[in-house]
Number of protein chains: 2
Amino acid sequence: MNRTTPAKRTTIYDLAELAGTSASAVSAVLNGNWKKRRISAKLAEKITKLAEEQGYALNMQASVLRRERSKIIGMIVPKYDNRYFGSIVEQFEALARARGLFPIITCTMRDPALELEAARAMLSYQVDCLVATGATDPDRVMDLCAAAGVRTINLDLPGSRAPSVISDNYGGALELTRRVLANCEREYGAKAPLLFIGGRGTDHNTMERVRGFRDAHAEAGVPVDEALVQTCGYAPEKAENAMRQLAERTSNLPRGMFVNSTISLEGVMRWIRRSGHYAERMPHLGCFDWDPFVAMLGDHIEMVRQDVPKMLEAVFGIIDSGATDITVVQVPPIMEKIG
Amino acid sequence: MNRTTPAKRTTIYDLAELAGTSASAVSAVLNGNWKKRRISAKLAEKITKLAEEQGYALNMQASVLRRERSKIIGMIVPKYDNRYFGSIVEQFEALARARGLFPIITCTMRDPALELEAARAMLSYQVDCLVATGATDPDRVMDLCAAAGVRTINLDLPGSRAPSVISDNYGGALELTRRVLANCEREYGAKAPLLFIGGRGTDHNTMERVRGFRDAHAEAGVPVDEALVQTCGYAPEKAENAMRQLAERTSNLPRGMFVNSTISLEGVMRWIRRSGHYAERMPHLGCFDWDPFVAMLGDHIEMVRQDVPKMLEAVFGIIDSGATDITVVQVPPIMEKIG
DNA sequence: CACATTTGCTCAATCGATGAAGCAAGAATT
DNA sequence: AATTCTTGCTTCATCGATTGAGCAAATGTG
């Protein structure tokens, strides 16, 4: 096993020499279009066997350099710390592979600068197409790609210059808010405004969810308390801080909350347990996003689960069809039953 | 914005023509070693500005093809559905980028065939180095890579032919089992054998954890009940099934359990809630792996959190040093306090 | 048997970036 | 003034795979 040769990789030229044939014949055989190039089955078999024996691996760099399309498909994603993005990435890889595409994914830690840098790196790798997931500035990404002639598709957060696939945030939030309001009323008799916490006030999804939140209140005849709309960011610490400050300002905390992501929920739950508020009775929660353990936390939590399989089918539908019209596909999320 | 030109990418030749200079000068300027190549600052500036204006992006395929090292570093990972692998991937990306390396990651869905296919794909992309995380057959992966002269490092699960970085599974399991045994004794007075559930009986980590589990029993003077060592696989469904079958066989279920991963815990918890067993009193649980919401499930769960930052520092330490000696670095995991 | 067609391959240019080697003009040295 | 040195570039081969063009031999046709 200790190769004195620094393990020079086998190339089609090496195989050609071994087979007593030309590199172009080897290439034709190995990339499968040897019939088109009229190579005999005999030679094809010989080359194939030899390639296997020598452990030949195609040099993608050389191949892509020469070819028109790279068959590489890129995705940028904010984080890997929750089930939503986790399953997006898993699905993306599976569907890409099923189409003979090579997926490359990179996470941007919700950092706008990293987002652009990542997109640039993907362009350097000659991706045929880039899926921008939860991008803070999808249109900038789109512009970068467009200049290089690369298609983009927005996922999770929409952009204005490329097709987008997102959840029906309004509809999901409306229904989720309804349920939490109903749960509160059932327990406390009276209707009272809920807290909205987490997310960025500037991102499309959060705005739509707030809209659903408001409309559900209106439906129920409950006025929204503006001090209780806390779009403080997604990170657990931010949600935790917002809760602390809220508790400092008011003495009677809301009996129900709309929590905008499991990530924010992490902070909310931490605060609830640490602060001792709600010690005698937990608030009714609605969480926009799903996590299996959150579902086990108790019967006071409702969840909306975004339909990742459908969303990714929609993304690849757009990719396959080659459509570039600026549409926004809205995929209805799934209400997860309590318990 | 509607380019009639099919957006041919700008190359160094285009820039050379625009600048009235040669492609090699452009290349030298853009890859930063223009001082070494004695290009004047004036020309360098001109080229840099032009590149920016034209939105030039390096063609990595061409660059890598020519260069000795690709500066691409690969990782294969089983799944993205838990915090452990999620943070491994995030850390890996961050540390790779900090070193000027381009990370490519792919998940193998715990499928041995996909694992090899993924490794082959990485080789085709000329990775300089491959990190095999939780691989079912790290040595096969290593052999593939070695044939192409590519270094591998095993993470999470060790191999016998490449350096490995893993958790101290024995130590973590020993301590975790001790705590669960103690918690059970505290509540029920008597000592009784625990259930071990989840993981593959054949993988190194599970074997080591079972060893820790056994030794903690021995220490406490409690005999291990062999029928209660259920290495049924990681998937939630498998753990759930194992629980169901166990309950069919015996009437008095164990009052404490060692659950081998949060993923298996998902199945265990589901069964507990659905079956109605343990309705009057929850069992004491120890989970090998950490999740923020599991931590909130109640005070009956202890967790071992693998020290991902330290593990990845160790991985990159090996990469940076160029060491290839077959060592196993064991990183102590962290006990998470209840609550 | 002369010619056309088909079969089975090889040749050589190409993709874009890189860097060793080389060359011309100016500056410094003797 | 003749020489060496330095500066600031350019030329060209190269990485490995792909593919249009082309060519010789085998086969078919009249």
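First the proteins, then the strands, lettered A, B, ... as listed; each starts at 1.
- Distance L65(B) CG to dG19(C) P: 13 Å, rounded to the nearest Å.
- In this structure, the CG atom of N31(A) is 10 Å from the P atom of dA17(D), given to the nearest Å.
- An OP1 or OP2 oxygen of dC15(D) is reached within less than 4.0 angstrom by no side-chain nitrogen or oxygen of N59(A).
- For the pair L30(A) CG and dA17(D) C1', the interatomic distance rounds to 10 Å; values are reported in whole Å.
- Pairs engaging residues 10-21 of chain B under the salt bridge (charged side-chain N to carboxylate O under 4.0 Å, His left out) rule: none recorded [sequence neighbours left out].
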Please write out the pairs of protein N or O atoms and N or O atoms of nucleotides 7-11 of chain D separated by less than 3.5 Å, giving the distance to one decimal.
residue, atom, partner, partner atom, Å
dG8(D), N7, R38(B), NE, 2.9
dG8(D), N7, R38(B), NH2, 3.3
dG8(D), O6, R38(B), NH2, 2.7
dC9(D), OP2, S40(B), N, 2.8
dC9(D), OP2, S40(B), OG, 2.3
dT10(D), OP1, T21(B), OG1, 3.4
dT10(D), OP1, S22(B), N, 3.4
dT10(D), OP2, T21(B), OG1, 2.8
dT10(D), OP2, S22(B), N, 3.0
dT10(D), OP2, S22(B), OG, 2.6
dT10(D), O4, R37(B), NH2, 3.4
dT11(D), O4, S24(B), OG, 3.2

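- Within the nucleic acid shown, S63(A) comes within 4.0 Å of sugar-phosphate atoms alone, with no base atom in reach, counting heavy atoms only.
- For K36(B) and dG19(C), the NZ to C1' distance is 10 Å, given to the nearest whole Å.
- A heavy-atom distance below 4.0 Å to DNA chain D is reached by these residues of residues 44-58 of chain A, ordered by number: Y56(A), L58(A).
- Within the structure, the salt bridge (charged side-chain N to carboxylate O under 4.0 Å, His left out) test picks out the following pairs touching residues 93-112 of chain A (sequence neighbours left out): E93(A)-R97(A), R99(A)-D320(A).
- Regarding N33(A), its CG atom lies at a distance of 16 Å from the P atom of dG8(C), rounded to whole Å.
- Remark: P309(B) pairs with Q91(B), D307(B) by the side chain to side chain contact (heavy atoms under 4.5 Å, CB included) rule, at least two apart or across chains.
- In this structure a side-chain-to-backbone donor-acceptor pair under 3.5 Å is present from S124(B) to L58(A).
- Sorted by first and then second residue, the pairs that involve residues 116-129 of chain B and meet salt bridge (charged side-chain N to carboxylate O under 4.0 Å, His left out), not counting sequence neighbours, are R69(B)-D128(B).
- We find that CD1 of I12(B) is positioned 16 Å from P of dT14(C), with the value rounded to whole Å.
- Applying the ring pair (Phe, Tyr, Trp, His ring centres under 6.0 Å) test to pairs two or more places apart or on separate chains, those with a residue in residues 67-86 of chain A are Y80(A)-Y80(B).
- Contacts of S22(B) classified as side chain to side chain contact (heavy atoms under 4.5 Å, CB included), with partners at least two apart in sequence or in another chain: S24(B), A25(B).
- Using a 4.0 Å cut-off on heavy atoms, none of the residues of residues 116-126 of chain A approach DNA chain D.
- Put simply, CZ on R67(B) is 9 Å from C1' on dA17(C), counting in whole angstrom units.
- For F316(B), the ring pair (Phe, Tyr, Trp, His ring centres under 6.0 Å) partners are F92(B), not counting sequence neighbours.
- Distance, W34(B) CH2 to dG19(C) C1': 18 Å, rounded to whole Å.
- The side-chain hydrogen bond (donor to acceptor under 3.5 Å, both in side chains) analysis of residues 37-60 of chain A, with sequence neighbours excluded, yields no pairs.
- Sorted by first and then second residue, the ring pair (Phe, Tyr, Trp, His ring centres under 6.0 Å) pairs involving residues 103-155 of chain B (not counting sequence neighbours) are F102(A)-Y125(B).
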